[in-house]
2 protein chains.
Amino acid sequence: MASDDTRPLTLRDVSEASGVSEMTVSRVLRNRGDVSTATRERVLSAAKSLGYVPNKIAGALASQRVNLVSVIIPSLRNMVFPEVMSGISAVLEETELQPVVGVTDYLPEKEERVLYEMLSWRPSGVIIAGLEHTDASRAMLKASGIPVVEIMDVDGTPIDAMVGISHRRAGRKMAEAILKAGYQRIGFLGTKMPLDHRARKRFEGFTGALAKGGVEVADQQFYSGGSALAKGREMTETMLAREPDLDFLYYSNDMIAAGGLLSLLEKGVDIPNQIGLAGFNGVELLEGLPRQLATMDACRTEIGRKAAEIISERVNSPEADTPKVVELTPKISYGDTLRR
Amino acid sequence: MASDDTRPLTLRDVSEASGVSEMTVSRVLRNRGDVSTATRERVLSAAKSLGYVPNKIAGALASQRVNLVSVIIPSLRNMVFPEVMSGISAVLEETELQPVVGVTDYLPEKEERVLYEMLSWRPSGVIIAGLEHTDASRAMLKASGIPVVEIMDVDGTPIDAMVGISHRRAGRKMAEAILKAGYQRIGFLGTKMPLDHRARKRFEGFTGALAKGGVEVADQQFYSGGSALAKGREMTETMLAREPDLDFLYYSNDMIAAGGLLSLLEKGVDIPNQIGLAGFNGVELLEGLPRQLATMDACRTEIGRKAAEIISERVNSPEADTPKVVELTPKISYGDTLRR
DNA sequence: CTGAAAGCGCTAACAC
DNA sequence: GTGTTAGCGCTTTCAG
C-alpha cells in the first residue's frame, strides 16, 4: 500500500507493476472490452497492492464525459432540500451518475456564481431549484447543451424541463378548504417574500382564492431568520394580540405553524374550532406534535426522483423524448387543526 | 451568447474572436501575470459575448491543482451536518477552495466508495466525519498525500488531524450534572448504536460516570428510523409504562428528547421535579419548545470552521504547522428540565 | 507584456 | 484479447 509518496500513482505505475500495457490496465479498471481473466487478475491485484486510485480528471478530459449531475439548491438547512436530495440520490445510485450539490443561500448572484463553477466541470446535467434565475444564469444553462431540470415549481416557463407542484394552485386549494370549513377571519404568517418565490406564489394563490370567496386576509406578518419554531410562536402571539378575533392562521411553512400550534395549545385555545391552523410541506417532524397539523405535501422526494429520472434518461439516450413539464399534485391533509 | 451548439466553447474560440493568443486569454481569465488593460478588455468582452465557461477539467489536469475539498458526512437529514457544513462553507468562501459533499448513510462500505470517488477527483483536502473507517478507507486517506481532518470526535487517534469534542467526556459530564442534582433512577433512550459511534461513546461515558456515583442505568431503549419526535414520544411512554418510578431520562439527541418532553407535559408530569430530562446537541429547534430542554452544545459550526481553517492553511503552506488535535468543549445548558 | 512548444494522465480508434 | 498512436483543453515554462 506504500507508494513513492512524492507523486500520485498513475496508470503507468500499474502497467509497469503488472507488466500489462496501460491501455489494457485502463480497460480492466473500467470493465470495458474483453480482457482475459488472467490478465484482469494480474492488473487488479497490482492496482490494489499499489493503492492506485484512478485520476478522473484525466479520464474525463480524454473521454469528454463527466458522470456528475449538478444539483443547485437554496439551502441545506431547510429540511425540504435534503429530502429532495434523497430522491435524487436514490435514483442516481442505480446509474453511473453522481449528484454534486451547490448551495445558493437564496441569492440570485450566488446562484450565478455557483452555476458557473459547476458548469466549468462540464457535468452531464443540471437540476436546479426554482424557475427564477438571472439572465446570465439562464444564458449559461441554455448554452451548456446539457439537460436542465428546474424543480419545485411549475408556475412559469422552464429553460428545458421542469418538475414540481404549482404553488399558486396549492395556495388556492388551501384557501378553498378553509373557506369551505367556514372560517372567515384569516391571518397569514410567512417568510419575507422577495427571497422565496414559491412562498410568494402560494400567497398569491391563497389571497386570490379568498377574494373569489369575498374574503380578504385580515392580517399578515412576515419574518426572516431565527429559529422557525420560536418565530412561529412569537408571530402568532403578536398577531392574536393585534387581531384577537381571527379564526384561522395560515403559515407559509410547517415549522412556524408548529410553533403557533404549541403556543395556542398552551393558552388553551380550542383548535380547530376557536382557531384553525394550517402549514405547508408535510415535514416528518409534524408526526410527533400534540395535534396533527393541517398541511399540504410538497412531494419533495418525488420531485427529486422524477428530476433525476429525466436527467438519467436524457444522458443515456440524448434523443429520448422525456417530458418537459411534470406537475405533481400536492395532497392536503386536514389533520386535527382544520375542520372538514 | 449563441454558440456553435454542437461543441462547447474553448479557449481557442475566445482567442480567435479576440485576436489574442490562447495563452494570453488564459492569463486574463485567471488574473495571472501582467496583461495590458487594452487586451484584457478585448479578451473579457469576447469571452462574455461568446458565453465562454472555462473547462476546469482541462485546467486541473494541466495545472495539477484542484481547488476542491471533499467533505464526507453520514447524512444530510440529521440537522447536525448541515450546520457543520455552514461552518466549513463560511471559512472556505474566503479562499479559493470549494467544498464538495459526499454522504455515507452511516455505512462504512459506502463511505469507502464515496471516498474512492472523491479522491479520484484529486481534491486538495478531505474533511471526514468520525474516526472509525474501514482499513481500505484509512489506507486511501494516508496514501492520498493531502491534508485530512477527521471531525466531530476526538476520542481516538486521527489519521492526520482531528477536530471535535470528546463524546465520552460529554456523556460523563451530563451524568455528573444529573447525579449532582439528586436524580437516582435514570433511563437512557437512544439510537441503535452500531451505526453511531459518537452516541455510543456518549453512552459509555455516561454509564461510566454513573457507575462511579454508584448508580446504574435503570432502563434503556434504542430505536432506528422514523420521525425522531414521534419516536421520542413513543419510547418515553413505553419506558415509563415499564419503569414508572424513573426520575430522569437521558436522550441521545434533542429531537427524541423534545418528543419525550411534549409527551410528559401533556400528561401533566412535573418537570424537572418529578422527572428530569436532557438531550444532546443544542439544535436550534429547541428554542420554540414549551420548556427549554437541558442539552449540551456539540460545537457543530465551530468544528466546521476549525477543520476548514486547517485544510486551508495546509493547502496554502504545506509546511504549516497546524494542530493535529483540536478538542472543543461542549457547554451544558440546564434549561428548564434539569435541576441545578 | 506576449507567444510557442510541450505535456498533464487518461481513453478513442484503430491496428495487430 | 492486446498494443499503439493521437489527442482531450488547458497551463507550465521558457523565449522573445
Side-chain angles (χ1 to χ4, degrees), chain A residues 3-4 6-44 46-47 50 52-67 96 117 119-124 144-145, chain B residues 3-4 6-44 46-47 50 52-67 96 117 119-124 144-145:
Chain A
S3 77
D4 185 306
T6 156
R7 171 185 60 77
L9 294 159
T10 71
L11 216 41
R12 163 175 241 104
D13 295 306
V14 182
S15 164
E16 283 169 0
S18 63
V20 175
S21 79
E22 284 188 46
M23 195 54 232
T24 301
V25 172
S26 168
R27 286 198 184 93
V28 172
L29 265 22
R30 285 177 300 141
N31 296 311
R32 283 258 188 297
D34 296 316
V35 180
S36 73
T37 328
T39 52
R40 153 166 282 114
E41 301 288 294
R42 289 205 5 237
V43 169
L44 251 22
L50 288 172
Y52 172 71
V53 176
N55 183 334
K56 286 217 173 163
I57 309 259
L61 183 62
S63 67
Q64 304 284 63
R65 248 177 307 105
V66 178
N67 291 325
E96 302 256 75
E117 289 292 332
L119 291 179
S120 72
W121 288 101
R122 300 286 186 266
S124 294
S144 71
Chain B
S3 78
D4 185 307
T6 157
R7 169 186 61 77
L9 294 161
T10 70
L11 217 41
R12 162 174 242 103
D13 295 307
V14 182
S15 165
E16 283 167 2
S18 64
V20 175
S21 79
E22 283 188 45
M23 196 51 235
T24 300
V25 172
S26 167
R27 285 196 185 94
V28 171
L29 263 24
R30 285 175 300 141
N31 296 310
R32 283 255 189 298
D34 297 318
V35 179
S36 73
T37 329
T39 50
R40 153 164 283 116
E41 301 288 293
R42 277 181 45 212
V43 169
L44 252 24
L50 288 172
Y52 172 70
V53 176
N55 183 333
K56 286 216 177 170
I57 310 258
L61 183 61
S63 67
Q64 304 283 67
R65 245 175 308 109
V66 178
N67 292 323
E96 302 256 74
E117 289 292 333
L119 290 178
S120 72
W121 288 101
R122 301 286 188 265
S124 295
S144 69

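Below, chains carry the letters A, B, ... as their sequence lines are ordered, and counting in each starts from 1.
As a whole-Å value, the separation of A/L11 CG from D/dG3 P is 12 Å. The distance from atom CG of B/L61 to atom C1' of C/dG9 is 6 Å, rounded to the nearest whole Å. The CG atom of A/N55 sits 5 Å away from the P atom of C/dC10 (whole-angstrom rounding). The CE atom of B/M23 sits 12 Å away from the P atom of D/dC10 (whole-angstrom rounding). Atom CZ of B/R12 is separated from atom C1' of C/dA5 by 14 Å (rounded to the nearest Å). Going from atom NZ of B/K56 over to atom C1' of D/dT11 covers 14 Å, rounded to whole Å. Across the protein-nucleic acid pair, B/R122 atom CZ and C/dC10 atom C1' stand 11 Å apart, rounded to whole Å.
Side-chain N/O atoms of B/S21 include one lying less than 4.0 angstrom from OP1 or OP2 on C/dG3. Side-chain nitrogen and oxygen atoms of B/Q64 include at least one within less than 4.0 Å of the OP1 or OP2 phosphate oxygen of C/dG9. Between A/Y52 and C/dG9 there is no side-chain N or O to OP1 or OP2 distance below 4.0 Å.
Residues B/L29 and B/L11 have side chains in contact (heavy-atom distance under 4.5 Å, counting atoms from C-beta outward).
Not one N or O on the side chain of B/S120 forms a donor-acceptor pair closer than 3.5 Å with the backbone of A/N55. With hydrogens and angles disregarded, a donor-acceptor distance shorter than 3.5 Å links the side chain of B/S18 to the backbone of B/V14.
A distance of 3.5 Å separates CD in B/E117 from NZ in A/K56, rounded to the nearest 0.5 Å. Between atom CG of residue B/L9 and atom CZ of residue B/R12 there is a gap of 13.0 Å, rounded to the nearest 0.5 Å. Here CZ of A/R42 is found 8.5 Å from OG of A/S36. Values are rounded to the nearest 0.5 Å.
Among the nucleotides D/dG7, C/dA12, D/dT12, the one closest to any side-chain atom of A/A62 is D/dG7. The side chain of B/E22 sits closest to D/dC10 out of D/dC10, C/dT2, C/dC10. When distances are taken from the side chain of A/R65 to each of C/dA12, D/dG3, C/dC10, the shortest belongs to C/dA12. Distance from the side chain of B/T10 is smallest for D/dC10 among the nucleotides C/dG9, D/dC10, D/dT12.
In the region residues 26-44 of chain A, proximity to DNA chain C at under 4.0 angstrom, judged on heavy atoms, holds for A/S26, A/R27, A/R30.
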Between A/R7 and A/D13, is a side chain to side chain contact (heavy atoms under 4.5 Å, CB included) present by the stated rule, with each step listed? CA-CA 11 Å; A/R7 171 185 60 77; A/D13 295 306; 3.0 Å; yes

